[in-house]
Trainee: 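Here it is, the structure in full.
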Amino acid sequence: MPRRAKKLPRSFYDRPTGEVARDILGKYIVYKSPEGRLVGRIVEVEAYIGQDDPACHAARGETGRNAVMFGPPGFSYIYFIYGMYFCLNFVTEKKGFGAAVLLRACEPSEGLDIMYKNSPRIKSDVKLLNGPGKFCRSFGMTRDQNALDLTGSVLYLEDRFEKAPRIGRSHRIGIRVGRDKLWRFFDTDSKAVTKS
DNA sequence: GTAGTGATTTTCT
DNA sequence: GAAAATCACTACA
């Protein structure tokens with residue numbers, strides 16, 4: 001069996017957040033859920049970087065919610081938003097610096113039956129994971145998956161050594177401050193990228 | 001096909 | 001008490 005996939009090490013996350021966000025595109029997220037193995041190819045992310053970024057949850061210092069962002073790199077940060085949805089982030093940069101990459105969209109790869117079960121109203125593959133709230137719902141992720149070690153065996157990212165995607169960038173979505181920053185990155189050839 | 005709006009609760013001020 | 005890193009439904013073209 002040739003080398004087909006490698007789990008990304010902690011050093012991948014221990015870099016400037018903008019670089020991590022760009023390099024994450026085209027990688028695969030693997031989650032061994034209680035229901036079974038779920039895999040998606042990452043096609044859209046956003047960077048939230050430290051105290052100088054007004055849109056970042058870490059902008060106003062450490063709180064109970066965002067404590068994981070200030071911890072060491074390579075951990076999951078999941079928060080609850082709009083009374084109904086969860087969003088998954090990957091913590092970046094060294095301990096004490098509050099930054100993370102928000103996962104916005106993926107193309108489903110494995111475990112489609114479980115995703116459809118978690119999102120009963122979705123009718124096509126591409127719509128299962130095209131949005132941060134939809135991704136967490138289809139993957140069955142909640143607060144319980146917060147602060148998981150991404151170098152462990154439950155949740156991690158995988159490099160399958162595919163050709164790097166064409167990368168586009170734009171302002172971030174859904175925020176009211178910090179829209180001047182072009183910190184949203186996406187695969188320009190993917191149909192699963194969110195609109196607008 | 002697009003545009004407008006309600007749902008629902010945690011979190012911090 | 002207000003806002004929030006969203007989504008899906010409804011109305012209309």
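Note that this is a predicted model, so its numbers are computed, not measured. Note on naming: letters A, B, ... go to the chains in the order of the sequence lines (proteins, then strands), and numbering restarts at 1 for each one.
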Trainee: As a check on the pairing definition, encode DNA chain C in dot-bracket form, counting Watson-Crick and G-U wobble pairs whose two distances are under 3.5 Å, and using | for partners outside this strand.
Mentor: ||||.|||||||.
Trainee: Judged by each residue's nearest nucleotide on DNA chain C, which is more toward the 5′ side, A:N130 or A:R176?
Mentor: A:R176
Trainee: Compute the centroid of each ring, for A:Y79 and then for A:Y77, and state whether the two points are separated by less than 6.0 Å.
Mentor: yes
Trainee: Closer than 3.5 angstrom, by distance alone: can the side chain of A:E44 be matched with the main-chain N or O of A:A192 as a donor-acceptor pair?
Mentor: no
Trainee: Nearest 0.5 angstrom please: A:T151 OG1 to A:L157 CG, how far?
Mentor: 11.0 Å
Trainee: Looking just at side-chain N and O atoms, do A:R184 and A:S170 make a donor-acceptor pair shorter than 3.5 Å?
Mentor: yes
Trainee: Output yes when a side-chain donor or acceptor of A:K7 lies under 3.5 Å from a complementary backbone atom of A:G152, and no otherwise.
Mentor: yes
Trainee: Under 3.5 Å, side chain of A:N130 to main-chain N/O of A:K191, donor-acceptor pair present?
Mentor: no
Trainee: Quick check on DNA chain C: between A:I175 and A:R137, whose nearest nucleotide comes earlier from the 5' end?
Mentor: A:I175
Trainee: Students often get this wrong, so: under 4.0 angstrom with heavy atoms, is A:R179 touching a base, only sugar-phosphate, or nothing?
Mentor: nothing
Trainee: Pick from A:R60, A:R172, A:R179, A:K181: which one makes a salt bridge (Lys or Arg N to Asp or Glu O under 4.0 Å) with A:D53?
Mentor: A:R172
Trainee: Just checking A:D180: does its CG atom have more than 12 heavy atoms from other residues, nucleotides or ligands closer to it than 6.0 angstrom?
Mentor: yes
Trainee: Apply salt bridge (Lys or Arg N to Asp or Glu O under 4.0 Å) to residues A:E162 and A:K27 and explain how you reach the verdict.
Mentor: CA-CA 8 Å; A:E162 294 179 353; A:K27 302 294 190 289; over 6 Å; no
Trainee: May I ask you to list the residues of residues 54-89 of chain A, by number, that have any heavy atom positioned under 4.0 Å from an atom of DNA chain B?
Mentor: A:T63, A:G64, A:R65, A:F80, A:Y82, A:G83, A:M84
Trainee: Between A:S76 and A:Q145, do the side chains contain an N or O donor and an N or O acceptor separated by less than 3.5 Å?
Mentor: no
Trainee: For DNA chain C, which nucleotides open and close the run of contacts to chain A, 5' to 3', at under 4.0 angstrom from a non-hydrogen atom?
Mentor: C:dA4 to C:dC9
